[in-house]
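Report on the structure given below.
In this chain, numbering begins with 1 at the start of the sequence shown.
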Amino acid sequence: MDTRQLAYFVAVYEQRSISAAARQLDIAQPSVSSALQQLEQQLGTLLFIRLPKGVQPTEDAERLYVQACQLLSQMQALQASFNKPAKRLLFRLGLVKALGVERMSQLLKEFNSQLPGLELHLVEPDEPCDARIINIRQLKAGELYQPLWTDSYLLALPAQHPLCTQPEIQLTDFKKLPLIKRTPCEAWDQVALALSKANIKPQIRANIHTIEYAIALVGAGIGCALLPDFEMQKFRPDLQYRAIQGPALTRELVLAFDKNQQHQSAVKLLCEIAARA
């Protein structure tokens, strides 16, 4: 009996399927089946009842599972106690505001998991940093970039607002429309300029900085706000989104870095992750 056989057994027990366990372990199914048969022969007992779809653990399998998990955990702890700690790698990443919690969390999780010893510092994009996630308009001379996301801006309205009956919002609708101003916001600057040219004074009800507060205030019926069209926001029952007639309100987010750092391993990895994102 060895730890490989026990690891295969635990995977089959948890998945209730030899084929599913093989996929989880990323090995061939016959290897799992062979290891199980060897383990059953060595223990002199049947561990699983083979069914047309999957397997059913026996009482002996239930007892072995607890002991196998304890043993594998002890083996992992023993091995970890002899592993040398990874060399710390300080990486400063500059971020503009309102990037979206879910997609940024996924990107940073993948980045952190592939760089042992990573010490990640999130800073303002104008501070000294190794790379920046910014609007493409903020690129500096000597910077290269990898495209990340293109966001469209829509007007978020309370679900019961009369303008929700319209397919899109006209500039003239802003004459008596209560607004929540969020700064910094590229789309707000464009809309404010268009309103100024049309001699329309925006009716500001609140000045805030974060998307979360904007969503909450719109949902509370205090006003309307320009927000990037993240997927996670579409399904709130208390909000409706409408496009604004006129030029498309978009921003292109990129991963920017100094051209002298393009071969740095951490920057290269982050570019690969950004390309997949």
Side-chain angles (χ1 to χ4, degrees), residues 1-91 93 99-120 130-131 133 146-149 231-232 255 262-277:
M1 182 190 309
D2 56 37
T3 55
R4 177 185 61 86
Q5 292 172 326
L6 291 178
Y8 289 5
F9 161 77
V10 168
V12 174
Y13 180 93
E14 293 177 345
Q15 296 293 324
R16 295 295 198 270
S17 166
I18 295 176
S19 59
R23 289 194 297 271
Q24 182 191 57
L25 296 166
D26 195 23
I27 59 176
Q29 182 173 332
S31 298
V32 179
S33 298
S34 176
L36 280 182
Q37 291 174 359
Q38 293 173 11
L39 185 59
E40 289 176 328
Q41 291 173 0
Q42 292 168 359
L43 295 176
T45 187
L46 183 67
L47 295 174
F48 296 102
I49 300 172
R50 276 64 171 177
L51 303 174
K53 291 186 178 181
V55 295
Q56 177 66 42
T58 63
E59 290 186 6
D60 285 335
E62 299 285 355
R63 186 158 54 94
L64 178 61
Y65 175 72
V66 175
Q67 297 173 339
C69 287
Q70 292 175 346
L71 181 58
L72 291 173
S73 178
Q74 291 170 358
M75 291 295 293
Q76 291 172 356
L78 178 63
Q79 183 178 359
S81 68
F82 286 90
N83 290 340
K84 294 181 179 180
K87 184 178 179 181
R88 303 305 296 171
L89 173 62
L90 174 63
F91 193 90
L93 180 62
L99 290 174
V101 174
E102 289 188 2
R103 63 187 185 182
M104 276 304 302
S105 296
Q106 182 60 38
L107 185 147
L108 296 178
K109 176 183 178 181
E110 188 173 352
F111 185 45
N112 181 73
S113 66
Q114 296 186 44
L115 273 183
L118 176 66
E119 183 178 329
L120 182 62
D130 299 287
I133 296 181
Q146 167 65 48
L148 253 176
W149 303 296
E231 288 295 324
M232 65 180 181
L255 173 68
Q262 60 181 311
H263 300 300
Q264 180 187 345
S265 58
V267 171
K268 288 178 65 177
L269 173 60
L270 195 53
C271 282
E272 293 172 3
I273 296 172
R276 293 195 294 272

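- At least one donor-acceptor pair closer than 3.5 Å links the side chain of Ser105 to the backbone N or O of Val101.
- With Glu119 contributing its side chain and Arg88 its backbone, the two residues share no donor-acceptor pair below 3.5 Å.
- Here the side chain of Ser34 pairs no donor or acceptor atom with the backbone of Ser31 at under 3.5 angstrom.
- Here the side chains of Phe91 and Gln264 are in contact, with some heavy-atom distance below 4.5 Å.
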Worked verdict on Leu107 versus Leu270 for side-chain contact (heavy atoms from CB on, under 4.5 Å): CA-CA 9 Å; Leu107 185 147; Leu270 195 53; 3.8 Å; yes

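- Atom-to-atom distance recorded for Leu46:CG and Gln41:CD is 11.5 Å, nearest 0.5 angstrom.
- With rounding to the nearest 0.5 Å, the separation of CD in Gln29 from OG in Ser17 is 7.0 Å.
- In terms of modelled atom types and a separation under 3.5 Å, the side chain of Glu40 and the main chain of Leu47 share a donor-acceptor contact.
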Self-check item: Check against side-chain contact (heavy atoms from CB on, under 4.5 Å), Gln79 and Met75
Solution: CA-CA 6 Å; Gln79 183 178 359; Met75 291 295 293; over 6 Å; no

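- Taking the ring axis of Tyr65 as reference, the NZ or CZ atom of Arg63 does not stay both within 45° of it and closer than 6.0 Å to the ring centre.
- The CD atom of Glu59 sits 10.0 Å away from atom OG1 of Thr45, with the distance rounded to the nearest 0.5 Å.
- Phe48 CZ to Leu39 CG: the interatomic distance, rounded to the nearest 0.5 Å, is 9.0 Å.
- Across every non-hydrogen atom of Leu89 and Ala266, the tightest pair is CD2-CB, 4.1 Å.
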* What's the verdict on side-chain contact (heavy atoms from CB on, under 4.5 Å) for Asn112 and Leu120, showing C-alpha distance, side-chain angles and the deciding distance? -> CA-CA 8 Å; Asn112 181 73; Leu120 182 62; 5.7 Å; no

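- A distance of 5.0 Å separates CG in Leu269 from CG in Leu115, rounded to the nearest 0.5 Å.
- Remark: the backbone N or O of Arg103 is not paired with any side-chain donor or acceptor of Gln106 at under 3.5 angstrom.
- If you take OH on Tyr8 and CD on Gln38, they are separated by 10.5 Å, rounding to the nearest 0.5 Å.
- Under the 4.5 Å side-chain criterion, counting only non-hydrogen atoms from C-beta, Arg23 is not in contact with Gln15.
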Candidate pair Leu64 and Leu43, rule side-chain contact (heavy atoms from CB on, under 4.5 Å), full reasoning = CA-CA 10 Å; Leu64 178 61; Leu43 295 176; 3.8 Å; yes

